[in-house]
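Read the structure below first, then the notes.
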Amino acid sequence: MDAVVAEALAAADRADLGAGVITRGAAEHEIEAVLARFESTWGEGRGPDHSMIRALAHAGATVLVAVADDEGGVDASATPPYAIPGELLGATLGFLGWNEGLHLHSHMNAVAPAARGHGIGLALKLRQRSICLEHGVDEIRWTFDPLIRRNARMNLVRLGAEVAAYLPEFYGVLGDEISGADRSDRFEVRWRLTSPRVLRALAGGAPPRWSGESGFALVPDFEAFRRDAAADAVRMREASVRAFTEMARQGLRPELDDAGDYVFTEAEPDSEEAR
C-alpha cells in the first residue's frame, strides 16, 4: 500500500478511536437512518430521497456513516456517554465532480445534535480523505456559510482547507431549519489532501499569523445571533456581502487570525510565514 494512503487510513482510524465511533460506507439497511439524519438537521424534504442515496451509494459515492463503536476499541474518555452501541450518530454524502480538475464534492455532513463536539465530523472528513486517496483523488471541495465561526475554524485551521471562491446567494433562499430566510452566501473551500498546508494542519501544527490590510470580524455564534437578534444579523450579513465582494475583487483570500476573525491576505495558501 502506498505510504500516503496508509497514513491517511491510520489518521482516519485514530479519529474514529478518539470520537468513539466507526466511520464506514453506509449499508443498504442504513439508508433510511442516513436520510433521517439529514432531515433532522435541515428539515423534512431538504435532502435527497431514499432512491437517490441508494443510487449514489451503489455508484460508489461516499455515503458514509459514523456509528457508535460496538467493538470495544474506543477511547473510553471520548466515548459519547449517551451513545447506544451501533447507533448512527453522523452521516456524510459526497460525489465526484470535474470542474477545474477531478475532485470529490462533499455536499452534506450531519452529526446528531447531542453528539456534536466529540470529533465525529472530523472523523467523517478524514474517512472521506482516506477513501479519496485510495482511489487517486487528491482534492475535496465543499461550501460553508462564511459567518459561522466554528465551521470556518474547522475548515481552515483544523483541516487545512483553503477558500477558493466567494459564492453569494449560492443556493437561493433555502428556507431550511438552519438558514430560514437568510441569504445562502457561501465560501467554497478546496482541501488539497496532501498539500503542505493540510499535512501541517492534520499534524496539529499552528497556521501562520496571517496579515492583511482588511478583514471581517465574526461573532462567536452567528446562528444564535441570527435567532436572538435578527435585525442585527441581517445588517451583519449585508456588511459581509460588501466585504467579501471587495475581497474577491482585489484577488485576496480569507484566513482566520488568532481571535477567530477573517483577515484578507494575498499570501499563498501554503505559506509557512506570516506576511
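Here CZ of Arg14 is found 9.5 Å from CG of Leu202. Values are rounded to the nearest 0.5 Å. Between Arg158 atom CZ and Asn151 atom CG the span is 14.5 Å, to the nearest 0.5 Å. Here Arg127 contributes atom CZ and Ile22 contributes atom CD1; the two are 9.5 Å apart, rounded to the nearest 0.5 Å. Distance check: Ile131 CD1 to Leu64 CG gives 4.5 Å after rounding to the nearest 0.5 Å. Rounding to the nearest 0.5 Å places CG of Leu199 at 9.5 Å from CG of Asp270. Rounding to the nearest 0.5 Å places CZ of Arg153 at 14.5 Å from CD1 of Ile148.
Looking at Phe170, Phe244, Tyr166, Tyr171 one by one, the single match for side chain to side chain contact (heavy atoms under 4.5 Å, CB included) with Asp185 turns out to be Tyr166. Looking at Arg24, Arg54, Arg37 one by one, the single match for salt bridge (charged side-chain N to carboxylate O under 4.0 Å, His left out) with Glu30 turns out to be Arg24.
Glu169 and Arg186 are not joined by a salt bridge, as no carboxylate oxygen comes within less than 4.0 angstrom of a charged side-chain nitrogen. Ion pairing between a basic and an acidic side chain is recognised when a charged N comes within 4.0 Å of a carboxylate O; Arg183 and Glu238 show no such pairing. Between Arg249 and Glu246 there is a salt bridge, since a side-chain N of the basic residue sits under 4.0 Å from a carboxylate O of the acidic one.
The closest side-chain heavy-atom distance from Leu17 to Asp69 is not below 4.5 Å. In this structure, the side chains of Met154 and Leu122 come closer than 4.5 Å at one or more pairs of heavy atoms.
Judged by distance alone, with hydrogens and angles left aside, the side-chain atoms of Thr92 form a donor-acceptor pair with the main-chain N or O of Met108 at under 3.5 Å. Side-chain N or O atoms of Thr245 include none that pairs as donor or acceptor with a backbone N or O of Arg242 at under 3.5 Å.
A donor atom on one side chain and an acceptor atom on the other are found under 3.5 Å apart for Trp142 and Asn155. When only modelled atom types and interatomic distance are considered, Asp16 and Thr23 share a side-chain donor-acceptor pair under 3.5 Å. For the residue pair Ser106/Lys125, the side-chain donor-acceptor check at 3.5 Å is satisfied.
For Arg237 against Arg226, the heavy-atom pair with the smallest separation is NH2-NH1, 3.7 Å. The shortest heavy-atom contact between Val198 and Trp191 is CG2-CD1, 3.4 Å. Nearest approach of Thr41 to Ala110, heavy atoms of both residues: OG1-CB, 3.4 Å. Between Leu156 and Arg197, the shortest heavy-atom contact is O-NH2, 3.7 Å. Taking every heavy atom of both residues into account, Gly172 and Ser184 meet most closely at O-OG, 2.7 Å. The shortest non-hydrogen separation linking Ala8 to Leu133 is CB-CD1, 3.8 Å.
Partners of Glu188 under the side chain to side chain donor-acceptor pair (under 3.5 Å) rule, at least two apart in sequence or in another chain, do not exist in this structure.
Aromatic ring orientation, Phe95 versus His107: tilted (interplanar angle from 30° to 60°). Using cut-offs of 30° and 60° for the angle between ring planes, the Phe222 and Phe225 rings count as tilted.
For NE2 of His135, the number of neighbouring non-hydrogen atoms (other residues, nucleotides, ligands) closer than 6.0 Å is 12 at most.
By the rule that hydrophobic residues join a cluster once side-chain heavy atoms approach within less than 4.5 Å of another member, Met52 and Phe38 end up as members of one cluster.
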